[in-house]
There are 2 protein chains.
Amino acid sequence: MMRTPRRAPRSDALENRARIIEAAHAAFADAPSASLQAIARAACVGQGTMYRHFPDREALLLAVYRDELAVLAAAAPLLLHEHEPLDALRRWLERLAAEGRLTGGASQAVAAATRAGRHHPPIVAALDLLLNAGKEARQVRPDAEAEEVLLLGSSLWRGDGGPSCPDRSRRMLTVIIDGLRAGTPH
Amino acid sequence: MMRTPRRAPRSDALENRARIIEAAHAAFADAPSASLQAIARAACVGQGTMYRHFPDREALLLAVYRDELAVLAAAAPLLLHEHEPLDALRRWLERLAAEGRLTGGASQAVAAATRAGRHHPPIVAALDLLLNAGKEARQVRPDAEAEEVLLLGSSLWRGDGGPSCPDRSRRMLTVIIDGLRAGTPH
DNA sequence: ACCTGAACACCGTTCAAGT
DNA sequence: ACCTGAACACCGTTCAAGT
């Protein structure tokens, strides 16, 4: 399997790419459903260029929120250093939910990261780290898997906006954490 | 609060409504993203008529899957009659997940039912029944609420299609049920 | 009272033509 | 090698005109 030796991309291509990401970041921030066409317009770029760099909306989302997601992933080992494994897991899921609630775009990006089955994205790796630490400490059930927990966790900030939403998310998280505990009856 | 005495709708309106629902049912079955325009075409109905009957996609979805959702809701008391409360709850969530997996349209309808904050739809009432029975039997934690559990449950069939999905759903359900148990530590 | 279908403003996607 | 922008086939939504 030869690693294809890509030559360095042209400088204008890099600049366009950066401008697209910047424009998309702003657009997604105040309207998660912003159209790719509008983003191309804001970035002063032809539609074709948009497509060359990002073949679909999901690719753009992951590129735009790449840094945010990386920060979130990096938080896992830090939390693990300061808290008991199960507690670190709870706090990390809290941060995930907060991120998802913050901007519509980020929540879409996390959803995209969950769906991406090809390579494990950093988020899945981070959650894996937390779960494994919990298993070794006999605090987390041995059959828990990252993708499942991520799927459950991504429901924490969905359907937000209702009247009872501040407590709701907290209670849901309690259910998830207690469900992941090792040694529950039956 | 006077109950406005609506006069009976015209017969052609009723027929159109029925034809739209029928066409939509078929369309959603093999493509959850079917366009309203295509459905209107298949139902031999102008676009305006579509809008008169169903102001948006969500309204159409709920109308199309009204019967399926009612059947699902009606299953709750039956399950409760044949099984222990917590077991009935688990089986009902299994059925919910199966329904969501079956056709893309149904899963959208359940999602819509979850979002609909206005009146409690039958699904929420059914889940309420199960949870209350569980609480009285001291099997379910007293602070569990239907909308939250529905939100968690609706993640059971999301992200399906991956390689490990048959077991995954089962394990996720186990986490939810164990998390809902009364008397978990801490 | 209800229906029709043209019309409007958009969308994602493609692709010949440019540099 | 990369970009541009017109063009294509669609979409949801509205609304004058019909019956």
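So you know, we letter chains A, B, ... as the sequences are listed, proteins then strands, and number each from 1. For the numbers below, each heavy atom of this structure counts, side chains included, while hydrogens, waters and symmetry mates do not.
A:T49 comes within 4.0 angstrom of a base, heavy atoms only.
Taking every side-chain heavy atom of A:Q37 into account, C:dG12 is the closest of D:dC3, C:dG12, C:dC3. In this structure, the nucleotide among D:dC11, C:dG12, D:dG12 sitting nearest to the side chain of B:R57 is D:dG12. Residue B:D12 places its side chain closer to C:dC2 than to any other of C:dC2, C:dG12, C:dT4. Set against D:dT4, C:dC3, D:dC3, the side chain of B:R52 has C:dC3 as its closest nucleotide.
The partner of C:dA1, taking Watson-Crick or G-U wobble pairs whose two distances both stay under 3.5 Å, is D:dT19. Across the strands present, D:dG12 finds its partner in C:dC8; the criterion is a Watson-Crick or G-U wobble pair with both atom distances under 3.5 angstrom.
Between B:L60 atom CG and D:dC11 atom C1' the separation is 16 Å, expressed in whole Å. What separates CE of B:M50 from C1' of D:dC11 is a distance of 13 Å, to the nearest Å. Distance CG (A:L61) to P (C:dG12): 12 Å, rounded to an integer number of Å. One can place CZ of B:F54 at 11 Å from P of C:dC3, the figure rounded to the nearest angstrom. Taking atom CD on B:Q47 and atom P on D:dT14, their separation rounds to 13 Å, with Å as the unit. To the nearest angstrom, P of C:dT14 lies 12 Å from CG of A:L36. For the pair A:R17 CZ and D:dC3 C1', the interatomic distance rounds to 16 Å; values are reported in whole Å. We find that CD of B:E58 is positioned 15 Å from P of D:dG12, with the value rounded to whole Å.
One finds a side-chain N or O of B:H53 lying less than 4.0 angstrom from the OP1 or OP2 phosphate oxygen of C:dC3. Side-chain nitrogen and oxygen atoms of B:N16 include none within less than 4.0 Å of the OP1 or OP2 phosphate oxygen of C:dC2.
Applying the 6.0 Å contact sphere to CZ of A:R90 captures more than 12 heavy atoms from other residues, nucleotides or ligands. Remark: A:R66 CZ is loosely packed, at most 12 non-hydrogen atoms of other residues, nucleotides or ligands lying under 6.0 Å away.
Place A:R19 and B:R10 on DNA chain D by their nearest nucleotides, and A:R19 ends up nearer the 5' end. Ranked by how close their nearest DNA chain C nucleotide is to the 5' end, B:A13 and A:S33 are led by B:A13.
A pairwise comparison of heavy atoms in A:L86 and A:Q139 identifies N-OE1, 3.0 Å as the closest pair. Looking at every heavy atom in both residues, B:F28 comes nearest to B:L61 through CE1-CD2, 3.7 Å. Taking each heavy atom of A:A146 and A:L127 in turn, the nearest pair found is O-CD2, 3.3 Å.
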